[in-house]
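Computed over heavy atoms, backbone and side chain alike; hydrogens, waters and symmetry mates excluded. Since the model is a prediction, treat every value here as computed from it, not as a measurement.
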Amino acid sequence: MGKTRKMKVLVVDNEREFASTLATRLQLRKIETESVYSGAEALATIPHFQPDVIILDLGLPDLEGVEVTRQLREWSQIPIIILSVREYEEDKIAALD
């Protein structure tokens, strides 16, 4: 019988402690994770890690999460879960668009 492949999640958040905690929680559920802390790192990591889903913070130090999503959508349809503490609804709508 073949071995089942683990789900892979890329966590993209500039707050390292939060990203680490989230990754640990996912790993406890047998989910393979990779954590990166900037938009550029995310875009560089995605092709070789090949995540099944991306958990993406909107407030990154180099590229906004909306820009990461825009660039990613040029070549991939990987599902993205947006994390945001932003209070402006327009920012959230832009990310969903």
Taking every non-hydrogen atom, the tightest pair across I80 and L56 = CG2-CB, 3.9 Å
Report the residues that fulfil side-chain hydrogen bond (donor to acceptor under 3.5 Å, both in side chains) with E41, sequence neighbours left out, ordered by chain and then residue number.
-> S38
Common cluster, I82/Y37, ILVMFWY with side-chain heavy-atom separation under 4.5 Å | no
Who passes salt bridge (charged side-chain N to carboxylate O under 4.0 Å, His left out) against E67, sequence neighbours left out?
-> R70
Check against side-chain contact (heavy atoms from CB on, under 4.5 Å), I78 and L10 | CA-CA 11 Å; I78 297 170; L10 179 65; over 6 Å; no
When every non-hydrogen atom of L83 is compared with those of F18, the smallest separation belongs to CD1-CE2, 3.5 Å
Compile the donor-acceptor pairs under 3.5 Å between side chains in residues 19-31 and protein atoms, sequence neighbours left out, one pair per line.
unit_1	atom_1	unit_2	atom_2	d
T21	OG1	E17	O	2.9
T24	OG1	S20	O	2.9
Q27	NE2	T33	OG1	2.6
R29	NH1	R25	O	3.0

Per side chain to side chain contact (heavy atoms under 4.5 Å, CB included), V68 is matched among L58, D62, L60 by L60
Under 3.5 Å, which donor-acceptor pairs link side chains of residues 46-54 to any protein atom two or more places apart or in another chain?
unit_1	atom_1	unit_2	atom_2	d
D52	OD1	R5	NH2	2.6
D52	OD2	R5	NH2	3.1
D52	OD2	K8	N	2.7

How about L63 and L43: do any of their side-chain heavy atoms sit closer than 4.5 Å?
-> yes
Can you list the residues that meet the side-chain hydrogen bond (donor to acceptor under 3.5 Å, both in side chains) rule with R73, with sequence neighbours excluded?
-> none
